[in-house]
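First comes the structure, then the notes that go with it.
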Amino acid sequence: MRRPIQSVTPTTGTAEVIGWVHEVRDLGGLAFFLLRDRTGIIQVTIVKKKASEAVLAAAKAVSRESVVRVTGTVKAIDKAPGGRELVPETFEILSMSESPMPLDVVEKVPADLDTRLDSRFLDARRPRVTAVFQVRSAAMHAINNYFENNGFINITTPKIVAAATEGGTELFPIAYFDREAFLNQSPQLYKQMMMAAGFEKVFEIGPIFRAEEHNTTKHLNEATSIDIEVSFADHHEVMRILEDLIVHTYRHVKDSCTDQLANLEIADFEVPRAPFPRLPYAEAIAIAQKKIEDPIKYGDDISSAAERAIGADMGGHYFIVDWPTEIRPYYAMPYENDPSICKAFDLMHPRMELSSGAARVHQHDLLVQQIKKKGLNPGSFEFYLRPFRYGMPPHAGWGLGAERLVMTMLNLSNVREAVLFPRDMHRLVP
RNA sequence: GCCCAGGUAGUGUAGUGGCCUAUCAUGAUUGCCUGUCACGCAAUCGACUCGGAUUCGAAUUCCGACCUGGGCGCCA
């Protein structure tokens, strides 16, 4: 029976392990092989005078990063990593690795991100890369659990659509039989339609596609969006859900990923404390005006430089609330007493935006009016507008970028580090 | 899309007109080595993105293409 390497202790007795040959140190009469699986590393020690012919032959033939099965007795020994080593009775090569390798798994020599992504399967053998995706997995698990435990219905909506969700962003056109279709930029319209269906609380975690030619460390052309929509809720309520979810997710990662965080050399993993400050847009602009060179004024989008300046001031997660209606999508609900601002918000990490959401317009006529104001044609949104004529409840929701959440949580320098196979302007393979 | 910086062995780098038969590390191959843990020692192998131009001479200068990184813009 194969054992995970981590489970082999000084008192294990005999063990079978299967893993990749991480390093080889041949001292002459004595040779050390480090074997790695996703749980850890164990030293296999061969005393050449005592080992069988078959073990010696396999050990001589094997190359680094080959897959081998080793059975033998476990010896407690202080000098070995983990306080134990395996003395092989059998040493079998299951799959030889070619050499040279496209990159150095052991990380004696660094590799550029581009080189790493070209050989992502090898890159991901590195413990610190594995750790990122184990943390991502744990975070997504926590998020799914949170929704399931709080009465949300998990929905799946189409990624092939006929028209843009919001205007503005560029879409990827695709051939749909004899028609043109697009990859969806957001589940926004569909999750809103499920409010009219009476689902009350829905969530969807799925891919979104944007054909923007952006070339930055925080944008992807294919990303994972965590979306919710809640009936009879306003923006305050969904902000509370969002901050609660963030705290819950951080706490789960902190509790369940101690080894991974150690691998990533994150010693001071802090769970943020809710409630997060609510910073009105107007005040955010005022902070930015004081701190950055570039002119920024009320009514502008918040630039990256402004984001960072305000983030430095706030020091942790925070919301920017009460945005000018003009710079938010048509479905954001304007305040009744001052329609020039709306019930929209962004959740910010000091480094960047993580999420945006709003209380939505649920009145058909107001929605049509707002669509027109944005210079869009209500005719192309007919499928979306119809539900608003037959009893659409008031509702609110948000979308949260999964990759940015992982990126900021682990302080990764590039969002591509949080995606196995990133899609950007230059990368379509692998 | 714009601006800046780059493209040299499998990987990461040094080299800004001749001293380059191109540096260093890692790697691979071979040999030696019984406690390594970035093992050590010795030998060997392996590279100037492509096309054009300038020049007696180009990895190095110029032009073009392609590719990469960072910043901005666009975008949530």
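Atoms considered below: every heavy atom in the structure, side chains included; atoms not considered: hydrogens, waters and symmetry mates. Chain naming here is simple, since letters A, B, ... match the order of the sequence lines and numbering starts at 1 in each.
Counting to the nearest Å, the P atom of B:rU34 and the CG atom of A:Leu56 are 14 Å from each other. Rounded to an integer number of Å, the gap from A:Arg416 CZ to B:rU68 P is 10 Å. Put simply, CD1 on A:Ile226 is 18 Å from P on B:rA76, counting in whole angstrom units. Atom P of nucleotide B:rC74 and atom NZ of A:Lys218 are separated by 11 Å, given to the nearest angstrom. Between A:Leu34 atom CG and B:rU36 atom P there is a gap of 13 Å when expressed in whole angstrom units. Between the CE atom of A:Met352 and the P atom of B:rC75 there is a distance of 18 Å, given to the nearest Å. For A:Asp26 and B:rG31, the CG to P distance is 10 Å, given to the nearest whole Å. Between the P atom of B:rA76 and the CG atom of A:Asp346 lies a distance of 11 Å, rounded to the nearest Å.
With sequence neighbours excluded, the residues forming a side-chain hydrogen bond (donor to acceptor under 3.5 Å, both in side chains) with A:Arg3 are A:Ser7, listed by chain and number.
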Under 3.5 Å, N/O pairs linking protein and nucleotides 7-11 of chain B:
residue	atom	partner	partner atom	Å
B:rG10	O2'	A:Met101	O	2.9
B:rU11	O2'	A:Pro110	O	3.0

Show the distances under 3.5 angstrom between N or O atoms of the protein and N or O atoms of nucleotides 41-47 of chain B.
none

Short N/O separations, protein against nucleotides 71-73 of chain B, under 3.5 angstrom:
residue	atom	partner	partner atom	Å
B:rC72	OP1	A:Arg308	NH1	3.4
B:rC72	OP1	A:Arg308	NH2	2.9
B:rC72	N4	A:Asn215	O	3.4
B:rG73	O6	A:Asn215	N	3.1
B:rG73	N1	A:Glu213	O	3.4
B:rG73	N2	A:Glu213	O	3.4

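Of the C1' atoms belonging to B:rG18 and B:rG10, the separation is 31 Å, rounded to the nearest Å. B:rG70 and B:rG64 have their P atoms separated by 25 Å, given to the nearest Å. Remark: the separation of the P atoms in B:rG40 and B:rU26 is 7 Å, to the nearest Å. Taking atom C1' in both B:rA59 and B:rA47, the straight-line distance is 10 Å, to the nearest Å. One C1' atom belongs to B:rC33, the other to B:rC41, and the distance between them is 9 Å to the nearest Å. Annotation: B:rG73 and B:rC4 have their C1' atoms spaced 15 Å apart (nearest Å). B:rC48 and B:rG15 are spaced 11 Å apart, taking the C1' atom of each and rounding to whole Å.
Ring-plane geometry between A:His395 and A:Phe388 is classed as tilted, the angle between the planes lying from 30 to 60 degrees on a 0 to 90 degree scale.
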Symbol by symbol from the 5' end, with Watson-Crick or G-U pairs under 3.5 Å, [ ] crossing and | another strand, RNA chain B is (((((((..(((.....[.....)))((((((.......))))))...(((((..]....))))))))))))....
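Salt-bridge annotation for A:Glu204 and A:Lys191: absent, with no side-chain N of the basic residue lying under 4.0 Å from a carboxylate O of the acidic one.
Counting heavy atoms from C-beta outward, A:Glu89 and A:Ser52 have side chains that stay 4.5 Å or more apart. No side-chain heavy atom of A:Trp398 sits under 4.5 Å from any side-chain heavy atom of A:Asp346.
Among the heavy atoms of the strands lying under 4.0 Å from A:Asn414 are primed sugar atoms or P, OP1, OP2 only; no base atom is included. Across all strands, A:Glu107 comes closer than 4.0 Å to no nucleic acid atom at all (heavy-atom distances). Here A:Ser356 lies in heavy-atom contact (under 4.0 Å) with a base. If you check every strand for non-hydrogen atoms under 4.0 Å, A:Leu113 touches nothing.
Between the side chain of A:Thr325 and the backbone N or O of A:Ser340, at least one donor-acceptor pair lies under 3.5 Å.
Under the side chain to side chain donor-acceptor pair (under 3.5 Å) criterion, the residue pairs touching residues 402-421 of chain A are A:Arg116-A:Glu417, A:Arg136-A:Glu403, A:Thr224-A:Glu403, A:Asn414-A:Arg416, A:Arg416-A:Asp424, with sequence neighbours excluded.
Here the straight-line distance linking atom CD of A:Glu353 with atom CD of A:Glu307 works out to 6.5 Å at 0.5 Å rounding.
Geometrically, A:Lys374 does not engage A:Tyr330 in a cation-pi contact defined by less than 6.0 Å to the ring centre and at most 45° from the axis.
Counting heavy atoms of neighbouring residues, nucleotides and ligands inside a 6.0 Å radius, atom OH of A:Tyr335 exceeds 12 of them.
Checking the phosphate oxygens (OP1, OP2) of B:rU36, no side-chain nitrogen or oxygen of A:Lys79 falls inside 4.0 Å.
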